[in-house]
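Here's the structure, in structure tokens; my notes come after.
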Amino acid sequence: MWQPNKLESERLDKLARLSQLGIEAYPRRVRRTHTIARATAEFEALENNDGAEAAEGLEVTVCGRIRRVNIKGKITFMHIEDESGRVQILLRVNELGEEFYDAIKEKLIDTDDFVQAAGTMMRTRAGEISVLTHELTLLSKSLSPLPVIKQQVMDDGTVIEYGEFSDIEQRYRQRYADLAVNRNVRDVFRKRAEIIRALRRFFDTEGFLEVETPILQAVYGGAAARPFVTHHNQLKQDLYLRISFELYLKRLLVGGYDAVYEIGRDFRNEGVSYKHNPEFTMVEFYKAYTDYRGVMDITERLIAFVAKEVLGRTQITFQGQDIELAPPWPRLTLRDAIKQHAEIDYMDYPTAEALEAVIRGNGGSVAPGLPWGKLVSHLFEQYVEPRLIQPTFIVDYPRDISPFAKKVDYDDFHVERFEFFIATMEMGNAFTELNDPRDQEQRFLEMAKLYRDEDDDATPLDEDYLRAMRYGMPPNGGWGMGVDRLVMLLTDQRSIRDVLLYPHLREEK
RNA sequence: GGCCCUGUAGCUCAAUUGGCAGAGCAGUUGACUCUUAAUCAAUUGGUUGUAGGUUCGAGUCCUACCAGGGUCACCA
């Protein structure tokens with residue numbers, strides 16, 4: 001139940017006084033002839049072409065939220081803002097009449113209210129483009145004041161903000177307020193949309209078909225993660241929110257599409273951190289008649305393309321570090337990377353027991369009883385990952401942590417898999433996809449043996465997927481990338497929560 | 001889940017050894033027909049996250065809980 005605070009009570013009082021004056025606080029009709037950006041652009045164009053006098057004849061009706069009020073006796077300045085920008089409106093008793101102007105003077109119209117201003121464009125003596133308002137209409141009364149941020153518009157259009165709304169928890173819980181007052185936050189999410197558009201443009205022009213596959217799945221798979229479980233009442237059936245798109249997309253290659261991609265939401269029932277959210281946006285593609293080397297080529301081009309489309313360059317700064325995204329990126333085997341940074345050649349320790357012993361001997365700590373492949377991952381995450389600032393492909397992973405990848409040609413321990421890293425973040429994961437149904441079945445069984453049933457990583461055997469593969473699946477390369485992390489990278493945001501409009505938080509009490 | 005940090009007015013933050021809970025901004029009232037982080041004068045506003053405890057006295061110390069952040073674990 002809402003308990004109005006003092007500021008809110010004052011606004012409720014104003015609402016009552018407006019009503020007495022016959023001023024509707026939430027009218028049904030609204031009119032806008034110009035966005036604010038268009039009004040100022042047209043005015044400047046007229047000034048340049050036909051001179052100041054002609055420009056001042058320009059009539060506009062603009063709408064927006066009041067961001068600043070400066071009542072100065074019988075003249076009042078306000079700044080109003082719509083999505084396109086902000087403009088000053090100039091209100092004088094001469095144009096508006098005593099009666100309505102009194103309402104302004106009594107502050108019945110506040111900062112944060114939405115208004116419609118009809119008038120003619122002009123420049124003030126100080127040179128600021130303004131709307132000399134003949135008619136001001138209240139469009140929506142704000143009852144709860146937004147957090148206070150003062151802004152100064154500079155000559156070049158940049159806005160300097162003073163004061164702030166920086167309480168992280170409140171910013172996430174009330175993202176609407178965060179967006180309403182923090183312009184840079186609005187910019188991040190506009191950029192996010194551009195990044196996703198650029199991803200689509202890349203795949204579309206490269207001949208990929210965009211598809212949509214089930215989010216509710218009877219058998220989940222394609223990654224190792226604990227799923228969210230839900231239930232279909234009518235069918236009396238438990239269903240899982242997908243943890244990846246992999247198995248459904250590869251079935252489509254059996255169906256005859258050469259290249260497919262999907263952008264959508266994955267759900268993983270795991271911890272929350274600066275780079276993990278329970279639901280996150282994933283992009284995956286599968287392309288027939290190529291392998292993981294071809295996929296590396298695509299990856300480099302894709303990331304460079306998106307950066308160029310969105311930022312106009314491939315050189316970025318992320319949290320103070322300069323990063324060059326242009327290809328080619330170094331390709332380093334996992335084994336060499338660990339040799340180099342941990343000074344351990346895991347091939348010298350071919351059993352889990354031996355590898356665990358040497359990790360402990362080096363002062364590392366690991367949970368007991370991990371499979372060999374997981375110990376290798378552990379070494380990598382501890383010694384190598386924190387150093388991978390520039391884009392890097394890490395290639396050839398242990399077989400027992402990669403159940404969907406074909407083995408390499410040089411030994412039986414490794415498979416053709418790569419992950420790529422930028423700014424120490426794992427951005428994505430790719431394989432030369434396994435297309436031998438007998439081998440795939442074997443891998444499912446191995447995984448089942450390796451990971452106990454109660455293990456979070458137990459990968460259920462997907463019979464239907466094997467059936468699809470038995471019809472024949474073309475050789476293909478597959479790839480997945482965390483879109484949120486790419487957005488973090490290209491918008492220089494430290495936390496995944498800053499690139500999600502509504503990051504997951506505990507329920508408010 | 002473990003450990004560490006944080007929670008004070010609408011916002012951003014103070015508060016000495018445990019000793020009267022404060023400031024700026026915004027809000028309110030007044031002045032001002034070209035201001036622009038407007039200015040000037042006056043002024044309101046507090047269950048110090050919640051519940052207990054210690055104490056003559058708690059924003060401050062102790063315990064539990066709630067929420068957020070960090071970190072470790074987990075995340076092939």
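Proteins get letters first, then strands, A, B, ... in listed order; numbering begins at 1 in each. Values below: every heavy atom of this structure, side chains too, minus hydrogens, waters and symmetry copies.
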### Task
Identify the nucleotide, in any strand shown, that forms a Watson-Crick or G-U wobble pair with B:G57, with both distances under 3.5 Å; if there is none, say none.
none
### Task
Starting at atom CD of A:E10, determine the distance to atom C1' of B:G45, rounded to an integer number of angstrom.
9 Å
### Query
Is A:R443 salt-bridged to A:E446, going by a charged N under 4.0 Å from an acidic O?
no
### Whole-Å gap separating C1' (B:C34) and CG (A:L132)
11 Å
### Message
One pair to check against side-chain contact (heavy atoms from CB on, under 4.5 Å): A:V60 and A:F43. What are the steps and the verdict?
### Response
CA-CA 10 Å; A:V60 299; A:F43 176 72; over 6 Å; no
## Note on the structure
Paired to B:A64 by Watson-Crick or G-U wobble criteria (both distances under 3.5 Å) is B:U50
#### Entry: Of the listed nucleotides B:A37, B:A76, B:U36, the one nearest the side chain of A:A224
B:A76
### Query
Counting only Watson-Crick or G-U wobble pairs whose two distances fall under 3.5 Å, which nucleotide matches B:G30?
B:C40
### Query
A:Y162 has an atom OH; how far is it from atom P of B:C13, in whole Å?
18 Å
### Message
For a quick check, tell me whether the side chain of A:T124 and the base of B:U35 share a donor-acceptor pair closer than 3.5 Å.
### Response
yes
### Whole-Å distance separating the CG atom of A:N182 from the P atom of B:C11
13 Å
### Summary
In Watson-Crick or G-U wobble terms, with both distances under 3.5 Å, the base opposite B:U71 is B:G2
#### Entry: OP1 or OP2 of B:C25 under 4.0 Å from side-chain N/O of A:K150
no
### Summary
Taking for A:Q151 and for A:Q170 the nucleotide of RNA chain B with the nearest heavy atom, the one nearer the 5' end belongs to A:Q170
### Task
Would you mind checking if A:R11 and A:D112 are paired as a salt bridge, meaning a charged N to carboxylate O distance below 4.0 Å?
yes
### Query
Between B:C11 and B:U55, how far is it from one P atom to the other, in whole Å?
36 Å
#### Entry: Separation between the P atoms of B:U6 and B:A15, rounded to whole Å
13 Å
### Task
Confirm from the modelled atom types if A:K6 and B:U44 form a donor-acceptor pair under 3.5 Å, side chain to base only.
yes
### Query
At under 4.0 Å between heavy atoms, what does A:E128 touch on the DNA or RNA strands: base, sugar-phosphate, or nothing?
base
### Query
Which nucleotide in the set B:U28, B:A76, B:U33 lies at the smallest distance from any side-chain heavy atom of A:S377?
B:A76
### Task
Would you indicate which nucleotide in B:A38, B:A37, B:C75 comes nearest to any side-chain atom of A:E381?
B:C75
### Message
Could you tell me how far apart A:F444 (CZ) and B:A76 (P) are, to the nearest whole angstrom?
### Response
16 Å
### Query
Do A:E164 and B:U12 share a donor-acceptor pair, side chain to base, under 3.5 Å?
no
### Criterion side chain to side chain donor-acceptor pair (under 3.5 Å) against A:Y397, the qualifying member of A:E419, A:R335, A:H414
A:E419
### Message
Can you tell me if A:K107 touches the phosphate of B:U28, counting only side-chain N or O atoms and a distance under 4.0 Å to OP1 or OP2?
### Response
yes
### Query
Rounded to whole angstrom units, what separation is found between the CD1 atom of A:I89 and the P atom of B:C34?
17 Å
### Rounded distance (nearest 0.5 Å) linking atom CD1 of A:I104 with atom CD1 of A:I109
5.5 Å
### Summary
Among B:C25, B:U36, B:U33, the one nearest any side-chain atom of A:V148 is B:C25
### Message
Does A:Q88 contact B:U35 through a side-chain donor or acceptor facing the base, at a distance under 3.5 Å?
### Response
yes
### Query
In whole angstrom, what separates A:F418's CZ from B:A76's P?
17 Å
### Query
Between B:C75, B:U36, B:G27, which one does the side chain of A:R68 approach most closely?
B:U36
### Query
Distance between the C1' atoms of B:A9 and B:G70, in whole angstroms?
28 Å
### Message
Taking ring-ring contact (aromatic ring centres under 6.0 Å, His included) as the definition, give me every residue that meets it alongside A:F413, ordered by chain and number, with sequence neighbours left out.
### Response
A:W372
### Message
Considering every strand and a 4.0 Å limit on heavy-atom distances, what is the contact class for A:F165: base, sugar-phosphate, or nothing?
### Response
sugar-phosphate
### Whole-angstrom distance between B:A51 and B:A67, as gauged at atom C1'
15 Å
### Query
For residues 159-168 of chain A, which residue pairs qualify under salt bridge (Lys or Arg N to Asp or Glu O under 4.0 Å), counting only residues two or more places apart or in two chains?
none
### Query
Between A:K275 and B:C75, is there a side-chain N or O to OP1/OP2 distance below 4.0 Å?
no
#### Entry: Side chains of A:T120 and A:L58 in contact at under 4.5 Å (non-hydrogen atoms)
no
### Span that lies between the C1' atom of B:U17 and that of B:A58, in whole angstrom
14 Å
### Query
Do A:D167 side-chain and B:U12 base share a donor-acceptor contact under 3.5 Å?
no
### Message
Within the 4.0 Å limit for protein heavy atoms, which parts of nucleotides 66-71 of chain B are touched? Write it as a string from 5' to 3', B for base, S for sugar-phosphate only, - for none.
### Response
SSSSSS
### Message
Once you apply a heavy-atom cut-off of 4.0 Å, does A:S130 come out as touching a base, just sugar-phosphate, or nothing?
### Response
nothing
### Summary
From the candidates B:C13, B:C34, B:A76, the one with an atom nearest any side-chain atom of A:M122 is B:C34
### Query
Are A:E8 and A:S144 linked by a side-chain donor-acceptor pair shorter than 3.5 Å?
yes
### Query
To the nearest Å, how far apart are A:R226 CZ and B:A76 P?
13 Å
#### Entry: Distance between C1' atoms of B:G27 and B:U50 (Å, rounded)
29 Å
### Query
Rounded to the nearest 0.5 Å, how far apart are CZ of A:F245 and CG of A:D266?
4.5 Å
### Task
Report the nucleotide, chosen from B:U36, B:C75, B:U28, that has the shortest atom-to-atom distance to any side-chain atom of A:K374.
B:C75
### Task
Would you state whether a donor and an acceptor, one from the side chain of A:R86 and one from the base of B:U36, lie under 3.5 Å apart?
no
### Task
Would you tell me whether A:E463 and A:Y465 have side-chain atoms, one donor and one acceptor, within less than 3.5 Å of each other?
no
### Message
Let's see if you can work this out: which of B:C34, B:U33, B:U35 has an atom nearest to the side-chain heavy atoms of A:V93?
### Response
B:U33
### Rounded C1' spacing from B:U44 to B:C32 in Å
24 Å
### Task
Report the residue (A:L370 or A:R92) whose heavy-atom-nearest nucleotide on RNA chain B is the more 5′ of the two.
A:R92
### Query
When rounded to the nearest Å, what value does the distance between P atoms of B:A14 and B:A38 take?
25 Å
### Task
Can you measure from CG (A:L434) to CZ (A:F404) and round to the nearest 0.5 angstrom?
9.0 Å
#### Entry: Paired nucleotide for B:C11 [Watson-Crick or G-U wobble; both distances under 3.5 Å]
B:G24
### Message
By the 4.0 Å heavy-atom rule, please label A:N5 as base, sugar-phosphate, or nothing.
### Response
sugar-phosphate
#### Entry: Closest listed nucleotide, where the reference is the side chain of A:L7 and the choices are B:A26, B:A76, B:U12
B:A26
